[in-house]
**Q** 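The structure is given below, and queries will be raised subsequently.
Naming: A, B, ... by sequence-line order, numbering from 1 per chain.
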2 protein chains.
Amino acid sequence: MESIRIGLLGLGTVGCGTVDILQRNREVLHGRLGTTIEIVRAADLDLKRSRPVELPGEILTRDPWEVVKDPEVQIVVELIGGIEPARSLILEAFDQGKHVVTANKALLSAHWSELAGKADERGVSFGFEGSVGGGIPLIRAIKLGLVANRIRSVTGIINGTCNYILTRMHREAKAFEEVLEEAQARGFAEADPALDVEGVDAAQKLAVLINLCFNAPVSHEDILHRGITELTPADLEMAGEFGFRVKLLASATHVGDKVEAWVSPALVPDWHPLATVDGVFNAVYIQDDNVGPSLYYGRGAGDLPTGSAVVSDIVSCARDILSGAVGRVPVGGFHPDVGKPDQVMLGNDTVSEFYVRMAAADSPGVLSTISGVLGRNGISIASVIQKGREPVRGGGVPIVMITHEASYSRMTAAIEEIDAQDVVLGDSFLMRIFSEPQAP
Amino acid sequence: MESIRIGLLGLGTVGCGTVDILQRNREVLHGRLGTTIEIVRAADLDLKRSRPVELPGEILTRDPWEVVKDPEVQIVVELIGGIEPARSLILEAFDQGKHVVTANKALLSAHWSELAGKADERGVSFGFEGSVGGGIPLIRAIKLGLVANRIRSVTGIINGTCNYILTRMHREAKAFEEVLEEAQARGFAEADPALDVEGVDAAQKLAVLINLCFNAPVSHEDILHRGITELTPADLEMAGEFGFRVKLLASATHVGDKVEAWVSPALVPDWHPLATVDGVFNAVYIQDDNVGPSLYYGRGAGDLPTGSAVVSDIVSCARDILSGAVGRVPVGGFHPDVGKPDQVMLGNDTVSEFYVRMAAADSPGVLSTISGVLGRNGISIASVIQKGREPVRGGGVPIVMITHEASYSRMTAAIEEIDAQDVVLGDSFLMRIFSEPQAP
């Protein structure tokens, strides 16, 4: 049987992980596929950098277009990241009838319809298992495993950097900034951590999940997202007293003709399977109409975990080639001729319980002022903790409340009114409380 | 596009769940597949029983062979269970060039090589997602998602009945027999619970997982298995004091040229993701060389969860038919021409730490006698609890020990010697302590 010939774009962390797996597990892959996978061309801007893997000099090039246009290459593996030139390279590969594998969530979340549309039109495969959840075979679980089901909600811990920081803040009662610095020193956070800690990366991944789960093309820019930068160790401790763990969640729920989506730090009940997902691990929790809840857990990033996902997609493309399958599984899981995208609107006004931390003047009547504002906005209070008089950032003593269910818009309106009171010093801080959507 | 025509064998719990999903989610499935799935023939011995789903009378038959031999039927869905006639019906379907979907773990664990060999030889698909872990898309995760990796170990909570019983024994401190009766009354345990509570069902499922993960054809009869019938609430409480939860685990680890496999009640550290898998839920924890640990969690049984897995396999077969793919993914995940089964031996002498509960006479020198026997067998003790003097079953006061690592054969030899001592009354009770295989 002839070997399968692939071309690589990008020899960074995931690119090298992919090469490592293809070389180290060559024999296993041969046994599973029935033939070998050969890297016949690989492009990277910097060919001199020292790398943990070796490739023959004659297949290397600085020009990614050489890889895409090489008639030998059957599968293009895009691991450059970012929008351009990744987008143009992938579109060109599709035009040449080549299969494509990527782990590029930024590109997918920004240009989903264009990319999926062109791949389906050309009848080629487009794999993106590595784009969400790293090594967790999550995309396959949704597209193939839960294919018979209507998904109601998908909620994930899908940013390992934030989860690592939150886990250490929780265990060591350290401040965000301190843990971030240590995470950067240990390589668990980027030098510029904004995309991670402000929730953008999680929103990009959530956009990919929404596309898949609800057949609703959305961009991450439309998803309301908040990060973890304002969290304090005291928040984590107080959440603990109420029986919760704090996690950065990315969540989308199908309600009527809307998908309510958000990325936010949230309180997870400590008995819930998401609560104990710690450190750099990711997990995604799905609710559907037949299985009910299911959860997928593993390493969400790194050269070998994401490389594992990339190689699994390469194998899938190779199997399409070897078996003569054309257009076997549509990119978005829905058949392009029949399964037209639902007219789903993206909402951002989910109803939930909330955690509110306020900084109030240490004077009588404060609690009655705050609860008065909440009451006028139709929000009722479930519990209050006012503990100690040690001032918080911005001055004032901390008051923490757990509310009953309220819409996000109503809650933020109330917070705005609260923050305008004389007795309230500094901005209040809001977190959602995660609860499972009820079965119908 | 022409519809896909399937024939059903068996209209029991899972059969009706499958019909329910195909009917209720007909539109979603059409959108995903691009065509409809039609049940053109269905067989059951009892056509008069009242069922939660309706099928047109003219497609029903009492003779399963009519379904298999019907030239209209493209995919045979075997949900009869048991060995015969299921085995012969499936082989006949393969001979007729039909794809087959089953959830029959008993058959798979007993006749794996014959069934997989014939399907691969005929180039037809053979789906069995529903055979292990119910609605969890676990078989796909292993065969497709982790295809690039060498799996080191697979450890699961894969019997929902046992997990339900253990969870209630833990929460309510009730005896096994009492909880079993309640579980039977609520439909969570069979009238004859032996297959479940004695670990046979878990061993059958583990045999399927070993085939897939290690390319090692084994039968469940070769797997050492113990059930949960001897567990007492005191065991669960004492495990808790040591920082563990008790679960019925099914585990297989690749060590050298052996796969060490066992089914046994085991102590799981309470921080481990398997420890909080409660009630009827299942979860499987896999360690491989690239992703590291990953976990898959969901409902392990029931009409709709297992029906979800069955329909996902039907869709996969339908996609093979529609895309013209032949022999796209070999049944066992390994290409039959190249990926010959490894010369893997099934071992049953895993090294682990152990929990031992003994019933000893309430007299001086007992502890020294017991620890003397363990010492002579080269087993060292990590902790001892001797608490209270309330006699246990068979008389005597309970002594519980946690040992350091020892092989199973050495441990059972020591137990035999201990139980022969005059000061030891009744049989000692042994559990493994689950620990993660170390990365190399």
**Q** Between chain B and each of A/Ala309, A/Gly298, A/Pro305, A/Gly292, count heavy-atom pairs under 4.5 Å; write down the option with the most.
**A** A/Pro305

**Q** Looking only at the aromatic ring of each residue, does the gap between the centers of B/His272 and B/Phe434 stay below 6.0 angstrom?
**A** yes

**Q** For the candidates B/Ile21, B/Asn290, B/Val291, B/Leu146, which exhibits the highest count of non-hydrogen atom pairs separated by less than 4.5 Å from chain A?
**A** B/Asn290

**Q** What option among A/Gly145, A/Ala141, A/Gly327, A/Gly134 has the most heavy-atom pairs under 4.5 Å with chain B?
**A**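 Between A/Gly145, A/Ala141, A/Gly327, A/Gly134, the count favours A/Gly145.
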
**Q** So which of A/Ile286, A/Leu29, A/Leu144, A/Leu322 has the biggest tally of heavy-atom pairs under 4.5 Å with chain B?
**A** A/Leu144

**Q** Checking the side chain of A/Arg26 only, and the main-chain atoms of A/Thr36 only, is there a donor and an acceptor separated by less than 3.5 Å?
**A** no

**Q** Looking at chain B, which one of A/Asn149, A/Thr276, A/Val315, A/Val311 has the largest number of heavy-atom pairs inside 4.5 Å, strictly under?
**A**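 Top option by heavy-atom pairs under 4.5 Å: A/Asn149.
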
**Q** Which atoms of A/Leu33 come close to chain B, meaning under 4.5 Å heavy atom to heavy atom: side chain ones, backbone ones, both, or neither?
**A**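 Looking at A/Leu33, just its backbone touches chain B.
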
**Q** May I ask you to name which of A/Ser316, A/Pro273, A/Gly307 has the most heavy-atom pairs under 4.5 Å with chain B?
**A**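 Looking at each of A/Ser316, A/Pro273, A/Gly307 in turn, A/Ser316 comes out on top.
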
**Q** Under 4.5 Å from any heavy atom of chain B, what part of A/Asp289 do you find: side chain, backbone, both or neither?
**A** both

**Q** Using atom types as modelled and distance alone, determine if a side-chain donor or acceptor of A/Thr18 lies under 3.5 Å from a backbone N or O of A/Val14.
**A**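 Indeed, once roles are kept as given, a pair shorter than 3.5 Å links the two residues.
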
**Q** Flag the one option from B/Ala148, B/Gly135, B/Gly17, B/Gly332 with the top tally of heavy-atom pairs under 4.5 Å to chain A.
**A**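 The option with the most such pairs is B/Ala148.
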
**Q** Any donor-acceptor pair under 3.5 Å linking the side chain of A/Glu129 with the backbone of A/Ile139?
**A**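 Yes, because the side chain of A/Glu129 sits within donor-acceptor range (under 3.5 Å) of the backbone of A/Ile139.
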
**Q** Where does A/Asp320 contact chain B at under 4.5 Å (heavy atoms): side chain, backbone, both or neither?
**A**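 For A/Asp320, heavy atoms of backbone and side chain both lie under 4.5 Å from chain B.
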
**Q** For A/Tyr297 and A/Phe281, take the angle between the two ring planes, folded into 0 to 90°, and tell me which bin it lands in: parallel under 30, tilted 30 to 60, perpendicular over 60.
**A** parallel

**Q** Between B/Lys247 and B/Asp278 (salt bridge meaning N to carboxylate O under 4.0 Å), is one present in this structure?
**A**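 Salt bridge present between B/Lys247 and B/Asp278.
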
**Q** Mind running side-chain hydrogen bond (donor to acceptor under 3.5 Å, both in side chains) on A/Arg299 and A/Thr306 for me, showing each step along the way?
**A** CA-CA 8 Å; A/Arg299 273 185 220 281; A/Thr306 307; over 6 Å; no

**Q** Is there a donor-acceptor contact under 3.5 Å from the side chain of B/Ser131 to the main chain of B/Phe128?
**A** yes

**Q** With respect to chain B, which residue among A/Glu27, A/Arg328, A/Arg319, A/Arg140 yields the maximal number of heavy-atom pairs within a distance under 4.5 Å?
**A**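 Looking at each option in turn, the highest pair count goes to A/Arg328.
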
